[in-house]
Structure formats: structure tokens, C-alpha cells
Amino acid sequence: MAFQDDYLHHVINSKLFSDPELAALCSRQLLDSHTFYINLTNLISPAYPKLATEQYDAITWVSYSLLRTLLSIDRVVDEGKIDHLKFALFNQETATRGLVNLFGESTLFWNSYDHIKKLFFNTIEQEKILHKSTNLNKQIFINIAKHKSIFVTLIPHMLGEMSLSNDKTKQINDSLLALHAGIQMLDDIEDFQADLENNQLTYAAWLTQCFLERHSIDFRTVSHKDMMKYFAASGSAFRVLDLAEHQFNCALRHITSLKLLAYEEYIQHIGLQQVNSLRASLLSLLSRKEKENANA
């Protein structure tokens, strides 16, 4: 818990946030829910020549501050929460200072950073206009899911630059992006109805719309509650789970030769086990519905 405590003290010592804001932005429960991202540097660091503990800590500070920046910006955009704008700016400043301290004017690193930023912002713009597109396909949604999380690849870039060893960076980047695509698919299932209410087109919603169109049903006339029923009954939910499972397996395959055992365990736990659990729950639900219909 050392990092969580240090981060909390860093926020408190800024004297920018009230006690209610601190309770909402830095609760122990919230910080603990970010454990994977706090530990990610250490999870993938065995793939690189060993660095000093202080260097790993510096990378974690940068990566976590950027994560909190992006999460706060999401809250500002989605909910108009001004306190999160202040928190986003605070974390962005922390991350920028850390990057400058680590890399100075290293052209190679800053070029990578600029590329990551461009991919991220292009993806956000693309996601905004998805509902206006007429030529959608599965790969578009996969690419969006990956590149929305593109900042996570900054960690391998930092490790590679600081250790002067970038030969494993592409494998780890590909794994991290596949992992996050899988996580996004699971989130799309969990947030299916909320995403509809926010007019956010996801792969899960798109599959359901396509199903309705094939059956000559105008999805715009279907309630969000009924859309959820169609999502489960049409087989669309299973297709999303299959895609999530495929992405998690890709995440594992990309790093098989690197022997990152703790990272592999995380993919198994948060990814594949969750897919199996959701699939079993969905099968049970559909079985109960079939029995109810048979007895009606």
C-alpha cells in the first residue's frame, strides 16, 4: 500500500482539494481498485534489463498520474464534474514533471509519446461519430477499444528507453492493447443499458442493432430494456464474450516467450475467468427463461 499512501499524501499536500473532494477522488477503495495499474511497471519489468528501484517508482508515478488524468477527463465529459477537471489538471502536471525529469529532451521518447497522444485523440474523435457511420465492422470496434487505452503502452516505452533495450516493447504493447480490448468488451456487456442511455455505440449495441435489422425491426423504436433482452436472447452477448476471450488469449500469446508469470496470472484472472463466469451466468439465465416460457 506504500504507493497508495504516497499518492494520497501528494494530493493532500497540494492543498487544492477539500475534504469531500479527497473522499471522492482518493478513497482507499478507489485506489485499491487501481492496483493492477499501480503494479503494472513491476509486472512487466522482468522483460527489461534491471533498473534502480527509484526508476521503477518514477515510472509508476507518471503512469498512474496519467491514468487519473484520463479517468477524470472522462468524468468531466460524461457528467460535467468540474472538481474532476481540477483533478485532471493536477495529475497532468504531476505526470509532465515526471516525464521531463526522466527523459529531458530525448527525441526518441517524446516522438513515441506524441504518437500515442495522436492515436488516442484520433480514437476519441472516431468514437464520437460512430453512430453516424454506415460502414461499421468488428475490427473498427476492436481498434477503438485498443487505442482508447493506448496510454498504457507508455510504460513499456519508458522501460525500454530507460534500460536502453526496446526489443521486447512491441510484444508487450500488443499484449497490453489486446488485454484492454478484452476488458472493454466485458465493460460493454456490464454497461450495455447505460451506454444506450448515453447514446454511446458499442460493439455489443451494434451487434444487437444488426440482429434487429435482419429481422426487419427498427431498433430506434425498441426500448433500452428490450434492447437488453434482444442482446441476451439473440446470441449477441455470446459473440461479445467470444471476442473478449479471443483478445485475452491474444494478450497471453504475445508475451508467452517473456515469462511474465505474474502478468499472465492477471490476464487469466481478470480476463478468462471473468469470461467463463459471465458465459455460465448467461447460459443459466437463458435456460431459466426457456423453462418459464415452456411452462407459460
Side-chain angles (χ1 to χ4, degrees), residues 29-30 33 70-71 74-81 123-124 126-149 178-249 251 269-296:
Q29 181 180 7
L30 179 60
S33 72
L70 296 173
L71 292 176
D74 275 348
R75 297 293 297 275
V76 174
V77 172
D78 293 342
E79 304 170 33
K81 290 187 173 292
T123 300
I124 297 304
Q126 184 182 14
E127 188 179 35
K128 284 181 184 177
I129 61 172
L130 268 182
H131 63 282
K132 299 178 182 178
S133 301
T134 58
N135 191 29
L136 295 175
N137 57 62
K138 179 172 69 175
Q139 192 59 49
I140 289 174
F141 288 98
I142 292 173
N143 289 342
I144 288 175
K146 288 181 175 180
H147 293 149
K148 279 175 66 176
S149 300
L179 168 64
H180 283 79
I183 291 173
Q184 182 64 58
M185 297 304 153
L186 296 185
D187 286 347
D188 289 349
I189 294 175
E190 181 178 347
D191 300 334
F192 185 85
Q193 195 159 328
D195 287 335
L196 290 177
E197 291 167 358
N198 292 326
N199 197 32
Q200 185 169 346
L201 183 60
T202 64
Y203 180 58
W206 178 69
L207 283 177
T208 309
Q209 290 178 7
C210 291
F211 170 82
L212 292 172
E213 289 175 352
R214 288 196 300 272
H215 290 79
S216 302
I217 301 172
D218 186 349
F219 67 86
R220 291 167 294 188
T221 66
V222 178
S223 69
H224 293 162
K225 185 176 180 180
D226 285 341
M227 281 286 285
M228 185 70 186
K229 293 178 181 178
Y230 280 119
F231 175 56
S234 67
S236 298
F238 288 109
R239 291 179 64 183
V240 177
L241 283 172
D242 289 345
L243 180 56
E245 182 177 46
H246 175 71
Q247 291 300 318
F248 292 133
N249 282 322
H269 174 70
I270 202 66
L272 293 171
Q273 290 181 23
Q274 182 75 352
V275 167
N276 292 334
S277 176
L278 284 171
R279 188 178 281 127
S281 296
L282 187 57
L283 285 169
S284 177
L285 172 65
L286 293 176
S287 177
R288 287 200 306 272
K289 292 295 183 183
E290 286 180 3
K291 290 179 181 178
E292 291 172 6
N293 293 335
N295 294 329

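The first residue in the sequence is number 1, and the count goes up from there.
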S.K.: Please lay out, stage by stage, how L207 and F141 fare under the test side-chain contact (heavy atoms from CB on, under 4.5 Å).
M.R.: CA-CA 11 Å; L207 283 177; F141 288 98; over 6 Å; no
S.K.: I want to check something: taking the side chain as every heavy atom from C-beta on, are Q193 and E197 in contact at a cut-off of under 4.5 Å?
M.R.: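 Sidechains of E197 and Q193: in contact.
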S.K.: How long is the straight-line distance from CG of D242 back to CE of M185, given to the nearest 0.5 Å?
M.R.: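 Rounded to the nearest 0.5 Å, the CE-CG separation comes out at 12.0 Å.
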S.K.: For S277 and Q273, indicate whether the former's side chain and the latter's backbone hold a donor-acceptor pair under 3.5 Å.
M.R.: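 No.
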S.K.: Do you know which two heavy atoms are closest between A178 and A251, and how far apart they sit?
M.R.: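 Heavy atoms only, the tightest pair is CB-N, 3.8 Å.
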S.K.: side-chain contact (heavy atoms from CB on, under 4.5 Å) for Y230 and I217? Distances and angles first, verdict last.
M.R.: CA-CA 11 Å; Y230 280 119; I217 301 172; 3.9 Å; yes
S.K.: Can you list the residues that meet the side-chain hydrogen bond (donor to acceptor under 3.5 Å, both in side chains) rule with S33, with sequence neighbours excluded?
M.R.: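 S33 satisfies side-chain hydrogen bond (donor to acceptor under 3.5 Å, both in side chains) with no residue once adjacent residues are dropped.
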S.K.: Do the non-hydrogen side-chain atoms of Y203 and I140 ever get within less than 4.5 Å of each other?
M.R.: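 A side-chain contact is absent here, since even the closest heavy-atom pair is not under 4.5 Å.
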S.K.: Just say parallel, tilted or perpendicular for the rings of F231 and F192, cut-offs at 30° and 60°.
M.R.: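 F231 and F192: parallel rings.
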S.K.: Measuring from atom OG of S287 to atom CG of L282, what distance do you get when rounded to the nearest 0.5 angstrom?
M.R.: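 S287 atom OG to L282 atom CG measures 11.0 Å (nearest 0.5 Å).
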S.K.: If you take all heavy atoms of F248 and L179, which pair is closest and at what distance?
M.R.: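 What the structure gives for the nearest pair is CE2-O, 3.5 Å.
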S.K.: Is there side-chain contact between L201 and L136, with heavy atoms separated by less than 4.5 Å?
M.R.: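 The answer is yes, as the side chains (C-beta and beyond) meet within the 4.5 Å cut-off.
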S.K.: The test is side-chain contact (heavy atoms from CB on, under 4.5 Å); show your working for R279 and E245 and say whether it passes.
M.R.: CA-CA 11 Å; R279 188 178 281 127; E245 182 177 46; 3.3 Å; yes
S.K.: Provide the closest heavy-atom pair for I142 versus A181 in the form atom of the first, atom of the second, distance.
M.R.: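 Reported closest heavy-atom pair: O-CB, 4.5 Å.
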S.K.: Hey, could you give me the CG/CG distance between N249 and L272, rounded to the nearest 0.5 Å?
M.R.: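 It comes to 5.0 Å.
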S.K.: A side-chain contact here means heavy atoms from C-beta on lying under 4.5 Å apart; do M228 and L196 qualify?
M.R.: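 They are not in contact (no side-chain heavy atoms under 4.5 Å apart), so the answer is no.
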S.K.: Mind checking whether Q209 and M227 have side chains closer than 4.5 Å, heavy atoms only?
M.R.: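 They are in side-chain contact.
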S.K.: Give the minimum heavy-atom separation between A244 and G182, together with the two atoms involved.
M.R.: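 It is CB-O, 3.8 Å.
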S.K.: Under 4.5 Å between any side-chain heavy atoms of R239 and K138, yes or no?
M.R.: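 The answer is no, as the side chains (C-beta and beyond) never meet within the 4.5 Å cut-off.
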S.K.: Is it true that, when you exclude R220 itself, more than 12 heavy atoms of the residues, nucleotides or ligands shown sit nearer than 6.0 Å to its CZ?
M.R.: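 No, not enclosed.
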S.K.: Quick one: pull up OG1 in T208 and NZ in K229 and give me the separation to the nearest 0.5 Å.
M.R.: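 Answer for the OG1-NZ pair, T208 versus K229, is 14.0 Å.
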S.K.: Nearest 0.5 angstrom please: D188 CG to L241 CG, how far?
M.R.: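 Between atom CG of D188 and atom CG of L241 there are 11.0 Å.
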S.K.: Looking at side-chain heavy atoms only, is the closest gap between Q247 and K146 below 4.5 Å?
M.R.: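 Of all side-chain heavy-atom pairs linking K146 with Q247, at least one is under 4.5 Å.
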S.K.: Out of curiosity, I189 CD1 to T202 OG1, how far, rounded to the nearest 0.5 Å?
M.R.: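 The distance works out to 9.5 Å.
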S.K.: Heavy-atom distance under 4.5 Å between the side chains of L130 and Q200, does that happen here?
M.R.: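 Sidechains of Q200 and L130: no contact.
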S.K.: Looking at H269, I'd like to know if its NE2 atom is crowded, meaning that more than 12 non-hydrogen atoms belonging to other residues, nucleotides or ligands lie closer than 6.0 Å.
M.R.: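 Open: at most 12 neighbouring heavy atoms sit under 6.0 Å from NE2 of H269.
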